[in-house]
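To start, the structure itself, in structure tokens.
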Amino acid sequence: MSFESILVEQRGAVTLITLNRPASLNALNSGVLEELITAFAAFEADPTQRCAVLTGAGEKAFAAGADIKEMADKPAAAFYADDFFARWTSHLVKTTRKPWIAAVNGFALGGGCELAMMADFIIASENARFGQPEIKLGVAPGMGGSQRLTRAVGKAKAMEMCLTGRMMDAAEAERSGLVARVVPLASLVEEAVKTAAEIAAMPPLAAIANKEMVNAAFETGLDQGILIERRIFQVLTATEDKAEGMAAFIEKRAGVWKGK
Ligand code: CAA
């Protein structure tokens with residue numbers, strides 16, 4: 001599979017996807033969009049691949065947003081007709097059941113911040129900057145930023161960031177719950193791939209189930225969410241990996257997973 005705007009490599013059971021338009025700070029044009037959908041679909045379909053990492057090429061940006069130059073002259077009817085950004089969100093968030101991590105190196109602005117927030121969690125470099133500056137362009141977030149940022153950091157910070165376009169640095173993002181961990185830029189990809197490899201070594205069905213449960217917390221009330229959790233837990237008890245995992249614990253050995 002060959003791509004123009006992204007790089008894809010497999011490191012064991014981890015797929016590393018790199019946005020590769022550093023001269024445009026990895027701005028997200030429609031080419032990137034289509035290639036990401038293809039790369040994530042291939043990751044999802046490949047049984048040897050268990051976790052993915054998405055990062056940006058260069059030291060300056062994960063992605064500085066949707067491509068403003070591409071959007072500038074696009075007529076409103078075309079945004080509506082294409083249901084602009086819908087396919088991207090549904091592929092990366094809904095269709096991708098396997099876990100993936102955003103490794104944010106530098107700017108994650110507008111659509112870049114929204115793309116990072118589609119990940120199951122974010123690991124950021126010390127120079128990471130998050131923001132939703134769309135208001136300065138006369139628009140507003142269009143790929144979930146107003147919703148996911150608010151759920152991640154709360155109304156006060158999300159509202160301030162959307163209304164002023166101010167950026168949040170990595171330390172504040174970690175304090176605010178937007179990112180799981182901050183690491184030096186030089187070791188970002190290595191750390192993210194290491195974490196992804198840890199996840200990839202887990203029982204695969206349990207990994208998907210844990211992801212589904214946590215995501216359910218964003219979509220449901222507490223009672224409903226706890227019911228979903230309990231039902232998924234009960235389903236997992238029927239898997240061969242559950243029998244193996246519990247036997248391995250009792251026999252003091254490592255489990256060998258089948259994904260069944
Ligand atoms: N779209 C297209 N090109 C972009 C871009 C974007 N979002 N962000 C940066 N670039 C390009 C610049 O035009 C520039 O290209 P040229 O060299 O050809 O002029 C190159 O990347 C380097 O950028 P700068 O010279 O601006 O770099 P800087 O260090 O001075 O500033 C920055 C960095 C603060 C990130 C600045 O580039 C910036 O503000 N970028 C735009 C951020 C933004 O507004 N993002 C939201 C986009 S709208 C959106 O995403 C909608 C949505 O919700 C889905």
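Scope of the values below: all heavy atoms of this structure, side chains included, with no hydrogens, waters or symmetry mates. Residue indices begin at 1 and follow the sequence shown. Model, not experiment: these values are computed from the prediction. For ligands, and for the atoms within them, numbers begin at 1 and follow the listed sequence.
- By the salt bridge (Lys or Arg N to Asp or Glu O under 4.0 Å) test, Arg175 pairs with no residue at all, sequence neighbours left out.
- Between Thr48 and Asp46, the side chains place a donor N or O and an acceptor N or O closer than 3.5 Å (distance only, hydrogens not considered).
- Protein residues with a heavy atom closer than 4.0 Å to ligand 1 are Ala23, Ser24, Leu25, Ala27, Lys60, Ala64, Gly65, Ala66, Asp67, Ile68, Lys69, Met71, Phe85, Phe107, Leu109, Gly110, Gly111, Glu114, Pro133, Glu134, Leu137, Ala140, Pro141, Gly142, Met143, listed by chain and number.
- No side-chain donor from either of Arg50 and Thr15 sits under 3.5 Å from a side-chain acceptor of the other.
- When the side chain to side chain contact (heavy atoms under 4.5 Å, CB included) test is applied to Glu174, the partners found at least two apart in sequence or on another chain are Val179, Val182.
- Lys74 meets the salt bridge (Lys or Arg N to Asp or Glu O under 4.0 Å) test with Asp82; sequence neighbours excluded.
- Between Phe43 and Trp100, the distance separating the two ring centers is not shorter than 6.0 angstrom.
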